[in-house]
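Accompanying notes for the structure given below.
First the proteins, then the strands, lettered A, B, ... as listed; each starts at 1. Note that the coordinates shown come from a computational prediction; the quantities given were computed from them, not determined experimentally. Hydrogens, waters and symmetry mates play no part in the numbers below; they use all other heavy atoms, side chains included.
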Number of protein chains: 2
Amino acid sequence: MTRPPAKPGPKAPPRRALTLRDVSELSGVSEMTVSRVLRNRGDVSEATREKVLTAARDIGYVPNKIAGALASQRVNLVGVIIPSLSNMVFPEVLAGISEVLEDTGLQPVVGVTHYSPEREESVLYEMLSWRPSGIVIAGLEHSGGARAMLDAAGVPVVEIMDTDGPPVDSAVGISHRKAGRQTAAAILAAGYRRIGFLGTKMPDDHRARKRMEGFEAALAEAGLVLEDREFYAGGSALLKGREMTEAILRRSPHLDFLYYSNDMIGAGGLLWCLENGIDVPGKLGLAGFNGVELLQGLPRRLATVDSCRREIGRLAAEIIAGKRPGGVIGGEVLELSPVLHPGDTIRT
Amino acid sequence: MTRPPAKPGPKAPPRRALTLRDVSELSGVSEMTVSRVLRNRGDVSEATREKVLTAARDIGYVPNKIAGALASQRVNLVGVIIPSLSNMVFPEVLAGISEVLEDTGLQPVVGVTHYSPEREESVLYEMLSWRPSGIVIAGLEHSGGARAMLDAAGVPVVEIMDTDGPPVDSAVGISHRKAGRQTAAAILAAGYRRIGFLGTKMPDDHRARKRMEGFEAALAEAGLVLEDREFYAGGSALLKGREMTEAILRRSPHLDFLYYSNDMIGAGGLLWCLENGIDVPGKLGLAGFNGVELLQGLPRRLATVDSCRREIGRLAAEIIAGKRPGGVIGGEVLELSPVLHPGDTIRT
DNA sequence: TTGAAAGCGCTAACAT
DNA sequence: ATGTTAGCGCTTTCAA
């Protein structure tokens, strides 16, 4: 089924796109005045205003922002560069961004890097070539080329998710090292001592890495080390959580706590434990990370640290939109303080 | 913490953005040739090529696509208009789109409508003003204004998710009426007769509505009607699923099947039933919709119909990118045939 | 309050 | 293989 070949109907759409000139001719007003009306700029008499608006509507004129942007050197686009769309984390950040931008006339352009520095660099190049009003980019670790571009961008740059390191310009996020430490502290305070870690095998997921580092550092200060680890890549996280939990407990049945690098695998582990009659949190404690909404509906609430995703998105968008209180312009570092929810899987 | 006031470092970024002219002067080659090199167009000697590339890299030149697009009348942006980012459904479609566009030099620009026709219209207007190479938009129902804009857009338009109705141009999706019928048929074939429905209270979610209509039509043909219904809005879907399930079963304990309008509330219902010792699927059957990955990790696999989200995104992107086999240009309607997975919650 | 002229930074089309 | 010219459709700036 293909499009009918040039069927010139009664209302055949114009081949050439409409321009200001078309509206100008139809309304008998100069292009300049039409432009003013359409942008609500400058003084225009009510009569002219009406004429122009009517003419524009009649022919279905849609302004050309390409030309407008070139002439005015202003672009209402914001580049958003994230590693992935395949788990809820980044869409939630994006939702926060989108929510705030909606009221500002700015539009997000999304680029996905799949955790590859090379892709990040090329996506960034692509975005900067649109001269966006701002860039929101996940993480603080970038290739040399990407860093140079961000430095020279000349627009607000907000690095999100992570504050463990120096930003190019502004940063909004949490300290993943602290989050790891915080979790370890709660686990140790509850008396658990034989601890295993389950996470993703992603060398370029710096935030997961930092959480684990913070976690291990806190253990080390208590004279402990991780007794076992299990890694995975890809697949249904909930299912992987089950499988990994079974595997690590089979190998190291003496463990009394499992720290998961995210809530989805943690939830899988929790379900597996419940089904297998393991005493949680009495004999085995569990904790995840992110504070995903899903946890609310599980039979027990998994212990977790909220990663403040939506709030991070909102704040990043506010910085780009110049809506920060006090009129602060850039160079802000907003480190949010995530709350640890002990839920029902750490004994008290 | 604010940006230091105009600290002119050793490598102060240029106030004026770099242009082709800068590269031209540095390399001693005309702007036109520089442009050719940077776009890999036309014949350029290897020597000049090197010179230009080096010069461009040295000063960190990033082309201005605004100007390029205006001059060439070509824009590598694709507008993607979706109702929401708050459940995995649309991010997954977006992931499919992004995946295919990555190899084509096209970039998605995302707009979110929150299921509001007015917002859809304004988001569409905004997008068309960038003269994108294509529009991907969820659903077949649009306001008069939106429809007129799509008709006149002059670029490929792909309406996704739904094929129950005439498209403006191309469409990729599934028939939600058929999906509803298909589910009803499986339920009836298994011998269930006293059926309840649980879903969202969203007047503008036409696809959920169509599934329910198809479902009820099939029941009617068997001389049955829905015996009870329960609706919700907002909140954690898994948690809502639990609450609604408890509520509907308290009110109508004689029900022998619950049809959920999506998998997340269905999963919540399933967990609730298991915890409350209800014999699933013996005494009570359950079914959801979407085929979300999450179901793989639950204690039982919920019956569901796969909504082919990622594939829909991929195909839509292929149409926009002109990559459809046979070189078909537009006006395609791709109705995918979703599979019903009976899982463990419909008795056999 | 309205209009005219001069570009914005690039590329199509046509030289050479 | 390289250069020249003339816009793309707007907005800025200045004039009336």
Revision key, fill the gap. When rounded to whole Å, the CG to P distance for the pair L38(A) and dT11(D) reads 8 Å
Point to revise | Value in whole Å for how far the C1' atom of dC10(D) lies from CG of N76(A) | key: 14 Å
Exercise for review: Rounded to the nearest angstrom, tell me the gap between atom CG in L20(A) and atom P in dA4(C).
Suggested key: 14 Å
**Study point:** Cationic N near anionic O, under 4.0 Å, D22(B) to R16(B)
**Key:** yes
Study note, to complete from the structure: Taken to the nearest whole Å, CG/L18(B) to P/dC8(C) is 15 Å
Review point. If every non-hydrogen atom of T104(B) is compared with every non-hydrogen atom of K323(B), which pair is closest and at what distance?
Key: CG2-CD, 3.9 Å
Review point. NZ of K65(A) to CD of Q107(A): how many Å apart, nearest 0.5 Å?
Key: 7.5 Å
**Study point:** R57(B) atom CZ: more than 12 heavy-atom contacts under 6.0 Å
**Key:** no
Check your understanding: Does E159(B) reach the main-chain N or O of V168(B) with its side chain, forming a donor-acceptor pair under 3.5 Å?
Key -> yes
Practice item. Give the rounded distance in Å between these two atoms: CD of E31(B) and P of dA12(C). Key: 15 Å
Review point. How many Å lie between CG on N64(B) and P on dG9(C), as a whole number?
Key: 7 Å
Practice item. Hey, which sits more toward the 5' end of DNA chain D by its nearest nucleotide, L70(B) or A69(A)? Key: L70(B)
Review point. Between T33(B) and dT2(D), does any side-chain N or O lie under 4.0 Å from OP1 or OP2?
Key: no
Study note, to complete from the structure: note: K51(B), atom NZ; dT2(D), atom C1'; distance rounded to Å ~ 11 Å
Review point. If you measure from CD1 on I82(B) to CD1 on I137(B), what distance do you get to the nearest 0.5 Å?
Key: 11.0 Å
Review point. Phosphate oxygens OP1/OP2 of dT2(C): is one of them under 4.0 Å from a side-chain N or O of S45(A)?
Key: yes
Check your understanding: Should Y61(B) be listed as having a side-chain N or O under 4.0 Å from OP1 or OP2 of dC10(C)?
Key -> yes
Could you list the protein-to-nucleotides 12-16 of chain D atom pairs, N/O on both sides, closer than 3.5 Å?
residue : atom : partner : partner atom : Å
dT12(D) : OP1  : R74(A)  : NH2          : 2.4
dT12(D) : OP2  : R39(A)  : NH1          : 3.3

Check your understanding: Checking salt bridge (charged side-chain N to carboxylate O under 4.0 Å, His left out) for the pair R310(B)/E92(B): CA distance, chi angles, key distance, verdict?
Key -> CA-CA 6 Å; R310(B) 200 177 197 96; E92(B) 280 177 23; over 6 Å; no
Practice item. Take the protein atom CD of Q73(A) and the nucleotide atom P of dC10(C), then report the distance between them rounded to whole Å. Key: 10 Å
Review point. Is there a side-chain polar atom (N or O) of T19(B) under 4.0 Å from OP1 or OP2 of dG9(C)?
Key: no
